[in-house]
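Below you'll find the structure, written out as structure tokens, and then a few comments.
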Amino acid sequence: MLRKKMFRDIRQNLSQFITIFLMVWLGVLAYAGIRSYMDGMTTTAEVFYRENNLQDLNAVGTGFTDEEMTEIRAMDGVKAAERKLTLLATMVSEKDLTLQVNFIESNEIAQLYVFEGAEFDADNDGIWLDRFYAQNNDLKVGDTITLKYGDLELTREIAALVNVPDHVYDIKDESAIFPDHKDYGFCYLSAKELPETMRVFSTCMIDVEEKKQVAEVKTAIEEQIESVIVVTKAEDSTSYAVYQGEVEEGETYVGVFSGLFLFIAMLSVVTTMTRVVKKQRIQIGTLKALGFSKKKITRHYVGYGFWISLAAAITGLIAGALIIGNLFMSMEMAVFQIPNGAPAVKVKSLVVAACVVLIVCLVTWLTCRKELKESPAETLRTKKIKVNKETLAITTKGVFGKLGFASKWNLRDILRNKLRTFMGVAGITGCCLLLVCALGMYDSIQSFIGWQFDDLYNFEYKLSLDAACTEEEYNQLTADYGTASSMMLGIEVEQGNEKEANTAFVTDAGDYVRVTDHDREFITMKDDGVYITEKLAKLEGYELGDTVRWHVFGSDTWYESEIVGFDRDPQNQNLKMTRKYAESIGVIYQPDTLYTNADLSEVKALAGVELIQNVETLKTGMQSMVSAMTTMVVLISVVAAVLGCVIIYNLGILSFTEKQYQFATLKVLGFAEKRIRKIYVLQNNWLTIVSAILGAPLGYLMTNFIFTMALSDAYDFSADIGVLSYVLAIAGTFVVSLAMSKGLAKKVRKIDMVTSLKGNE
Amino acid sequence: MEELIQFRNVKKSYQIGEKQFNALDGVDFSINRGEFVVILGPSGAGKSTLLNLLGGMDQTTSGEIIVGGEKISDYDEEQLTVYRAERIGFIFQFYNILPTLTVLENVELINDIVKKPKPAMEILKDVGLAEHASKFPNQLSGGEQQRVSIARAIAKNPLLLLCDEPTGALDSKTGVEVLKLLKKQCEGKEDGNTVIIVTHNALIAEVADRVIRLKNGKIVSNEKNEAPKAIEEVTW
């Protein structure tokens, strides 16, 4: 019978139970959705790396000989080793696209995952092509393509479309952040396709027996193999690190966004559930008077929260993975090349969902227990509204005493309903915060693009020189396009007993490549020491005037340089120095890049140049990041609006129900409906103003947190939010809030004075 | 004496399930200005319905209600709001004063809807609550709260004071005090208020100028009390 009562009670209080269901559902949906995407990212990569045997170490050298390979394979802890030759070739087509061509002898390490076509075979003369590149350029298995590298030209059939574990994230050049799969890709060929003379394998992939032996094997190779320049762990490769960075970034989203959303949702649920049970006071008293045990009554009321929240949590979990998980995964899998990417629901999500249900039950139990503490006679009496005279006394004096009735009444209503008010403010603040954050993320990315591509890069074209660029070719290039140049050195920095791999940017580019200080103001570099980026200095504990000990990979000469300044760079945390300084300490300046403002729009290739990049093209490459951000902005804004609507509706319904008899009294006294509606909306307007005041700076802090904490150590840019975004976010919050409260205020018309006043008796 | 209120064949019906329930079933009566009237009847007789119709809180199913020469049964929502604001003072069994406003503020509330209200402090003095002006309702006894409700009602200087079981939640002694206060509103002045009390307490009828008896939605009797008792003589 009590079950029947429960279903009927739910039907009678449908709007409140729908709110509870929705809030639990949305909270779990947001949490489990983002969690399932993060877990999906991790699991998908783990499976791919394990099943396709990602190498443990990469050795880069001047050319690994057969003897050296035998030596490496014989080392303790080495399970397998394979060598690879990598070239940047041109795919002959209308646009002459760039392809990274890898020649391998066998494929036991970093195995190709074949989507379509044949498995790798060293005797097959085909091309195993990057799947995304093929899709973006409309290439299919069986098509023939021509690769051109210097005088070498290979015309081959596409044998298969593949993904490779060390090509999860591939960019053409360090200036780009997002891969452009149309413009750049990779492919694999059998080393037999190369003329014997060209078979100089500069990379060796090593698979170790056990993870703990990685460091030991690394040192052994560095010490024993002559042609080695540097040995790095697979985890340090860009492909691995960027993907991992994305996962870690997402972890922050899980914590920040879904945690915030879940918290606000739970606040709302707790308040509503408390009110629902309190409304049942007389019925609790009746059941008690009839002889129902406390246990039975408690179980009955806990059942309200349990079944509703359980249904919401289960459907939220499923919908989260299906909707949010899949949406984010598909966005990520359009950037990263991993097969079988799918969201994964792990124990953590189940635990959180179970906790949500438990919290709802606990709150219901506590509220019910409170009502059951009183005697049945007491419970059967209508509870008198408590008015704390001390709290309210403040509002009768001074400036408060002079307030009009509407203000006074609302002020005291707030003081009497602190939890409800707090819940409302938290919800609307969350809405404003999310909107500021959504628009702020967009603004900040635009600011980052401006900083990198308008401020730091002050050139039209960047020419990446070929490693084999001859002196004549270089002289011709400088004669045609100017002498602004730079060199990027792979270095190792020693600090105490630690050695960290990094890069040093040596510039002779003058004003073509500028350097900025903390406030993004341009600085002129001095010639008597090195500059270190502010973020790196903070991370490593460097002070101005300190000495940095470093050497170039492949050279045993160590340099000791004084830090003469700090600079800020949004996407590279490294050392910088002028050519003059580098040469003064004995570094041989061999430029790898030239910068020019000449018009090269019609030039496809230049002798001695590996890559010609237009700054606008680089900027366009960033647009994919911007478009991903736009999706995020839209998604967060929708979540913010939904959150705002549900919270305000819930708050509105609660506050309206509680004030109904007072509104009825005002109606009886002769207050016009319009006036009562204004009184009702006034409180909501106040709460929205307070929430906007709190939400705007919190939105900034959250955006800043995302950019400073969630992004990998390579980035250094903080939130930069325009006034317009704040205005739009606050206006959006007001629109949502006002629309909801005005809609609810229409209920004043429906107040039946007679019934409302009778109900209060 | 001038006729202030006229009910002409007033009906008020409610649909309960498939049945129609007539709360008022063709009620006819009239009340003069300045009278102290008691409408008497058992539970379900239609007393509160009658009061609600007269107070502009509800609308008739049929019939006419004329107050001060104006047919209020034809009024729309807006007109009824103005009517309630300017001409009616309500007093309820459970007071219905706003818990978050002080005693004085509850009375001053009327300043927001009436152009020329009586000074709130003066009224509080009249009802004996001047010293409680800054208190909140929950700091007062039931009788005091009902006096706040009366003060709020008379601050409007209304044409009609409508009281729904005003002593229902009070003990006999406090109830008598409240009745005295209500009677005072229609005594000794030419333009005194007309007070209508709805109650099931027959003892209160003994102090009324006019007693209207209701049963099953119909008027059973409408008599002028030629010799009303002094309120002090009443006890229950």
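Residue numbers begin at 1 in each chain, while the letters A, B, ... track the order of the sequences.
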Could you measure the distance from the [atom1] atom of [X] to the [atom2] atom of [Y]? Nearest 0.5 Å is fine.
X      : Y      : atom1 : atom2 : answer
B:N96  : A:Y661 : CG    : OH    : 7.0 Å
A:Q662 : B:T100 : CD    : OG1   : 5.5 Å
A:L669 : B:L98  : CG    : CG    : 7.5 Å

At a heavy-atom separation under 4.5 Å, does [X] approach chain A through its side chain, its backbone, both, or neither?
X     : value
B:N52 : side chain
B:I97 : backbone
B:E78 : neither

Quick one: list whatever passes salt bridge (charged side-chain N to carboxylate O under 4.0 Å, His left out) with B:K135, sequence neighbours left out.
none
Give a yes or no on whether a salt bridge exists between A:R412 and B:E105, defined as a side-chain N under 4.0 angstrom from a carboxylate O.
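Salt bridge flag = yes for B:E105 with A:R412.
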A:R749 versus chain B, the contacting section by heavy-atom distance below 4.5 Å
neither
Neighbour count >12 (heavy atoms, 6.0 Å) for atom CD, B:Q79:
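Check passes, neighbour count above 12.
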Close contacts, residues 148-156 of chain B versus chain A, judged by heavy atoms under 4.5 Å:
B:R152, B:K156
Proximity of residues 81-88 of chain B to chain A, residues having a non-hydrogen atom under 4.5 angstrom:
B:T81, B:R84, B:A85
For residues 194-201 of chain B, which side-chain N or O atoms pair as donor and acceptor with protein atoms under 3.5 Å away, sequence neighbours left out?
from: B:T194; atom 1: OG1; to: B:G34; atom 2: N; distance (Å): 2.8
from: B:T199; atom 1: OG1; to: B:E165; atom 2: OE1; distance (Å): 3.1
from: B:T199; atom 1: OG1; to: B:N201; atom 2: N; distance (Å): 2.9
from: B:H200; atom 1: ND1; to: B:E165; atom 2: OE2; distance (Å): 2.7
from: B:N201; atom 1: OD1; to: B:L203; atom 2: N; distance (Å): 3.1

pair A:W409-B:L109: side-chain heavy atoms closer than 4.5 Å:
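No, their side chains stay 4.5 Å or more apart.
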